[in-house]
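Keep in mind that what you see is a predicted model, and the values were worked out from it rather than measured. Order of appearance sets the numbers: ligands from 1, and atoms from 1 within every ligand.
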Amino acid sequence: MVEYNELIFEISRSGRIGSSLPESDVPKVNLQNKLPDHLIRTELAELPEVSELQLVRHYTALSNKNHGIDNGFYPLGSCTMKYNPKINEDVARLEGFSRIHPYQPVETVQGALKLLHELQEDLAEITGMDAVTLQPSAGAQGEWAGLMMVKAYHKQKGEKRTKVLVPDSAHGTNPASATVAGFRTVTIPSNGDGLVDLEELKKHVDDDTAALMLTNPNTLGLFEKEIIEIAKVVHGAGGLLYYDGANANAILGKTTPGKMGFDIVHLNLHKTFTTPHGGGGPGAGPVGVKKKLIPYLPVPRIEKQNDQYFLNDNQPLSIGRVKGYYGNFGILVRAYTYIRTMGPVGLRQVSESAVLHANYLRKKLEPYFDSPFSQVCKHEFVLSGSRQKKLGVRTLDMAKRLLDFGCHPPTIYFPLNVEECLMIEPTETESKETIDAFAEVMIQIAKEVEGNPDIVLDAPHTTTIGRLDEVQAARKPVVRHSKEKTEEGKAESVKS
Ligand SMILES: *Cc1c(COP(=O)(O)O)cnc(C)c1O
């Protein structure tokens, strides 16, 4: 079988062409004195010369090397890699949504504004908040915007609170966003059950506490049962409660952050609400707030009066605009489509299935791996590879071995408070057969660690690229193909 994997420069043949363009009718301009000398090209760019068919095969082959939710199981904990229904794509491509311009007069985009306004209301209901902004374009940006509102709120009350409390199991973006927003973060250790240690919390809450950032269920997949008491402690000292709702598929239609006592929440539409994610964007991290924080929401607010939608910039206490136009509009259309196709009953089923799937898989795997918090979990759970580590095989090795079976590995070494952590989120969209098959693979790997550890230590065996130098790959990523001249001056391609 012919492989179509060759690098595009290797299949290039002088004079081969894949496009036909008309003769240029732009007059040649002398660039001397118009651009610095070193920026003026003296030779033609060295581009690959290939036919259209070769080009299509090249990119199709490349895309097949990528693992995505559309071609395999993807139990990446805290990332909610669930199926993105294709109807979302159809709706986002409707001309009335995809071909309008954000600078059009509002009278001409009433339909788009109506969708945004209804999405704000749906998300407010889902989170138990009083108002929502759709502007932030990522979970982390939502966190930052929320914390800027926390800051503005305290300032308006004449207080300068400098401290944000974050539990040790928190997502890394929480302390990062708090720092970027100008706060000092204080880590609250978890107790033996993986939950917030209430006594420790009480020690740290004082009149300098601006907010506590929490996610419930937490990143171990466990529900913070003492949340009402936690909220009382923080509110009692004048602080606010921030809810990280990136992975809300455990609570949809069951409870809300509002009921738990939270004042601010962000959601990740690109996790819980099935808009595609990975590879850096685009995403959407709407933020919901309780009434007392509405004056601080970003502007413009999308509002409705006499059946007309309009943009309201008149909010003197607002933290300002945090994103161009209305946010990532196409992503908002997809999330709206998902919410409307599911309806309230469907969204409740989402949570029930997400929790059932996680517990079913947890029970199947617990005999083979250490389970530091063996109790009913929500949408995800953590295991520890410490039993395997004693035999010389680390969690990283098992993650690499999973690639040989066409599975994306779970999140590993996070949360930080679990040794050799494996964080598994099967999501509600997988079938029982897929979850069973994944369990079989994990059990096989656990047995290999005992009987034939080398096959795990040398994995992956089936992928184009084996193990990378992870440190170099992170610090000095080589993300493009480049041609380097050898000593003889011959062009040689460098794989990257
Ligand atoms: C993904 C995630 C975030 C960050 O979201 P981004 O869109 O990647 O910025 C924050 N908190 C939790 C719990 C998450 O899972």
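The closest heavy-atom contact to atom 4 (C) of ligand 1, among the options Thr173, Thr215, Asn218, comes from Thr173. Nearest to atom 5 (O) of ligand 1 by heavy atom, out of Asn268, Asn174, Asp244, is Asn268.
In terms of polar-atom proximity, defined here as any N/O pair under 3.5 Å, Ala140 does make such a contact with ligand 1. Remark: ligand 1 and His266 share no N or O pair separated by less than 3.5 Å (distance only, no angle test). Where the criterion is an N or O separation shorter than 3.5 Å, residue side chain and backbone included, Gly139 meets it with respect to ligand 1.
Proximity to Ser78 (heavy-atom distance under 4.0 Å) selects the following atoms of ligand 1: 1 (C), 13 (C), 14 (C), 15 (O). Using a 4.0 Å cut-off to heavy atoms of Ala138, the atoms of ligand 1 that qualify are 7 (O), 9 (O). Interface of His270 with ligand 1, defined as ligand atoms under 4.0 Å from a residue heavy atom, comprises 7 (O).
At least one donor-acceptor pair under 3.5 Å links the side chain of Asn328 to the backbone N or O of Gly283. With Glu159 contributing its side chain and Gly238 its backbone, the two residues share no donor-acceptor pair below 3.5 Å.
When heavy-atom distances to ligand 1 are checked against a 4.0 Å cut-off, Lys271 comes that close only through its side chain, counted from C-beta outward.
For an aromatic pair to be called close, the ring centres must be under 6.0 Å apart, and Tyr243 with His266 fails this. Remark: aromatic rings of Phe438 and Phe405 are distant, center separation not under 6.0 Å.
Between the side chains of Asn84 and Thr275, no donor N or O sits under 3.5 Å from an acceptor N or O.
The closest approach between a heavy atom of Glu143 and any atom of ligand 1 is below 4.0 Å.
Side-chain atoms of Gln349 and Met342, non-hydrogen and from C-beta on, never get closer than 4.5 Å to each other.
Between Tyr74 and His408, the ring-plane angle classifies as parallel under the 30° and 60° cut-offs.
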